[in-house]
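Read the structure below first, then the notes.
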Amino acid sequence: MRVLSAAVLVLATTGLFGCYGMRPSDGSGQAPFEGPRQVRAEDVALPAGYRIEPIATGLTFPTGVAFDEAGRPHVVEAGYAYGEVWTTPRLLRVEPGGALTTVAEGGRNGPWTGVAFADGTFYIAEGGELEGGGILRITPDGQVTRLIAGLPSRGDHHTNGPAIGPDGWIYFAVGTATNSGVVGKDNATMGWLRRSPEFHDIPCRDVTLSGRNFESEDPLHAGQTATTGAFVPFGTVTRSGQVVPGRVPCSGAIMRIPAEGGSPELVAWGFRNPFGLAFSPDGRLYATENSYDERGSRKVFGAGDLLWAVQPGAWHGWPDYHGERRLDDGDRYQPPSEPRPEPLLAQAPGRPPRPVAVLGVHASANGLVFSTSDRFGHRGQAFIAEFGDHSPSTGKVMSPVGAKVVRVDPGTGAIEDFVVNKGPVHGPASWLGSGGIERPVAVRFDPSGTALYIVDFGVLSVSGEQLIPRPGTGVLWRVVRAGGGGG
């Protein structure tokens, strides 16, 4: 199958900015949508020998799936979606035939972004849009215990995960408050700046600033402007050589806690939005990272999402690197007609490791899982759910990016489409006018490893900078392989 997800990277490296500048954006959510959503497995393309079927429909903002001791699938609904839409976060058991039974509900501190199951207990990442993030433990009879609370995730990105490590600890991620280190007008568009004007990114270790500041329109005071530096609240000026103290918990980091709860320990930092966490068959932690957008006071162009083999203790480059490359490396990351993103830090906290793979620009590489079954195939390879772009609010694209499930060889970094919609160009079903997949956000194998479950968030439309999520359009899909055998 063709891989078109890196189209914007091609533009960035071939210098086709004339055509790029003249054409309007045509992203995943920019097609008109009139419900109800159509769901048709025959509109989805898979490799030969695999088939897909919908298991449950009518979900509202689903974000994760896990299996209990009896092998029954359970789905979490987020309770919050970009676009400032609030519903009730729920843990739902999927019954035979697709009926849904509520196991537990949450309050107004979504989004619930993922779920794992271990030792008879569900663990859920509570995104923390209003009160800060946390990790919840939920028993099969619906008893909820908060293992950790107050994580710094009231900004653009949330508390994500969790994943249960071979050591029995709970691993989770906290995304950054901002796109690239500076609070600005775009964060008011996201909704949180007006609620939490003092909120900002928090480094995990002490950092020394370069003193770069950015003037922007002040959305909190009509007709005024504000000047803001890095790692400080909106409207706060920084100086060269200023040291911002680090602490844990922090922004843009992967952390862990014991299964019974407790203070978090830092695993690694310097990520923008580490979303999917998974341990490979050999016990190594991997993470997907949603990379920079072309928005805000410090825009970054052409930065593809990343797959990392997480290096314990290491700084992974945010806010001044994309993988191993500095953002001021030539004009590679310079938006058309905009200034080049210069370093926010006077000195890097370390040299970032090399990512395993670079995925599409604005693909929103989210959920992650590894195959452990020869019967399903591709043992040891990673499967990634690409939610798809939010263009034009995150940056212009010529056609949809993401909205599919890809397979990645962690040894080579090679990426191949695995589940995509049929059509001359890949994109969400609503963009294509079909009944296929929309916005894959999570993937997980069943306990036998022979069936891949895909959580499809549903329709997310985009109108200018406004995101419009559509309740009741989420789907849980299942992919199986006919006949078995090696991959």
Check this for me: K299, atom NZ, are more than 12 non-hydrogen atoms of other residues, nucleotides or ligands nearer than 6.0 Å?
yes
Distance-only, no hydrogens or angles: does the N421 side chain make a donor-acceptor pair with backbone N or O of H426 under 3.5 Å?
no
Strictly under 6.0 Å, is that where the ring centroids of F370 and Y286 end up?
yes
Checking side-chain polar atoms at under 3.5 Å, does R256 have a donor or acceptor matched by the opposite partner on Y171?
yes
Is there a side-chain contact between S461 and R470 in this structure, where contact means two heavy atoms from C-beta onward sitting under 4.5 Å apart?
yes
Between V480 and R375, is there a side-chain heavy-atom distance shorter than 4.5 Å?
no
Side chain of S153, backbone of G132: donor and acceptor closer than 3.5 Å?
no
Any chance the side chains of E77 and W112 put a donor and an acceptor closer than 3.5 Å?
no
Residues in salt bridge (Lys or Arg N to Asp or Glu O under 4.0 Å) contact with R439, at least two apart in sequence or another chain:
none
Contact list for residues 391-417, test ring pair (Phe, Tyr, Trp, His ring centres under 6.0 Å), sequence neighbours left out
none
Check whether the side chains of S25 and Q30 place a donor and an acceptor atom closer than 3.5 Å, and report yes or no.
yes
With sequence neighbours excluded, what pairs up with R72 under the salt bridge (Lys or Arg N to Asp or Glu O under 4.0 Å) test?
D68
Hey, is K422 close enough to E42 for a salt bridge, meaning N to O under 4.0 Å?
no
For the residue pair E69 and P140, establish whether any side-chain heavy-atom pair is separated by less than 4.5 Å.
no
Take the angle between the ring planes of F383 and F445 and call it parallel below 30°, perpendicular above 60°, tilted in between.
perpendicular
Verify the distance criterion only: is there a donor paired with an acceptor across the side chains of T176 and H157 at less than 3.5 Å?
yes
For R195, does the CZ atom have more than 12 heavy-atom neighbours from other residues, nucleotides or ligands under 6.0 Å away?
yes
For F61, the ring pair (Phe, Tyr, Trp, His ring centres under 6.0 Å) test, sequence neighbours excluded, returns F457
Taking side-chain hydrogen bond (donor to acceptor under 3.5 Å, both in side chains) as the definition, give me every residue that meets it alongside T57, ordered by chain and number, with sequence neighbours left out.
none
Once ring pair (Phe, Tyr, Trp, His ring centres under 6.0 Å) is applied, do any residues pair with H390, and if so which ones, sequence neighbours excluded?
F387
Quick check: do L359 and I415 have side-chain heavy atoms less than 4.5 Å from each other?
yes
Take atom CG in D282; do more than 12 heavy atoms of anything else shown fall under 6.0 Å from it?
yes
Can a donor-acceptor pair be found, under 3.5 Å and without considering hydrogens, that links the side chain of T88 to the backbone of G79?
no
Before giving the answer on side chain to side chain contact (heavy atoms under 4.5 Å, CB included), spell out for W308 and F271 the whole-Å C-alpha distance, their side-chain angles and the decisive distance to 0.1 Å.
CA-CA 10 Å; W308 292 101; F271 304 95; 3.8 Å; yes
Considering residues at least two apart in sequence or located in another chain, which fulfil the ring pair (Phe, Tyr, Trp, His ring centres under 6.0 Å) criterion with F67?
Y453
Identify whether the distance between the nearest side-chain nitrogen and carboxylate oxygen of R154 and E198 falls below 4.0 Å.
yes
Hey, are the side chains of I138 and I124 touching, using non-hydrogen atoms and a 4.5 Å cut-off?
yes
Once salt bridge (Lys or Arg N to Asp or Glu O under 4.0 Å) is applied, do any residues pair with D43, and if so which ones, sequence neighbours excluded?
R40
Please answer whether the main-chain N or O of E105 pairs with a side-chain N or O of R90 as donor and acceptor at a distance below 3.5 Å.
no
Any donor-acceptor N or O pair under 3.5 Å, side chains S28, D389:
yes
Can you sort out the partners of N273 under side-chain hydrogen bond (donor to acceptor under 3.5 Å, both in side chains), two or more places apart, ordered by chain and number?
N160, N290
Any sub-3.5 Å donor-acceptor pair from R51's side-chain atoms to L46's backbone N or O?
no
What residues, two or more places apart in sequence or in another chain, satisfy ring pair (Phe, Tyr, Trp, His ring centres under 6.0 Å) together with F122?
H74, F117
Has the side chain of H378 got a donor or acceptor atom that lies under 3.5 Å from a matching backbone atom of S371?
no
If you count the non-hydrogen atoms of other residues, nucleotides and ligands that lie under 6.0 Å from CD in E95, is the total more than 12?
yes
Under 3.5 Å, side chain of S196 to main-chain N/O of L193, donor-acceptor pair present?
no
Under 3.5 Å, is there a donor-acceptor pair between the side chain of R272 and the main chain of N179?
yes
Run the salt bridge (Lys or Arg N to Asp or Glu O under 4.0 Å) test against D305 and tell me which residues pass, sequence neighbours left out.
none
Can you list everything that forms a side-chain hydrogen bond (donor to acceptor under 3.5 Å, both in side chains) with W192? Sequence neighbours excluded, please.
D156
K396 side chain to R23 backbone, donor-acceptor under 3.5 Å:
yes
Side chain proximity check, I148 to P264, heavy atoms < 4.5 angstrom:
yes
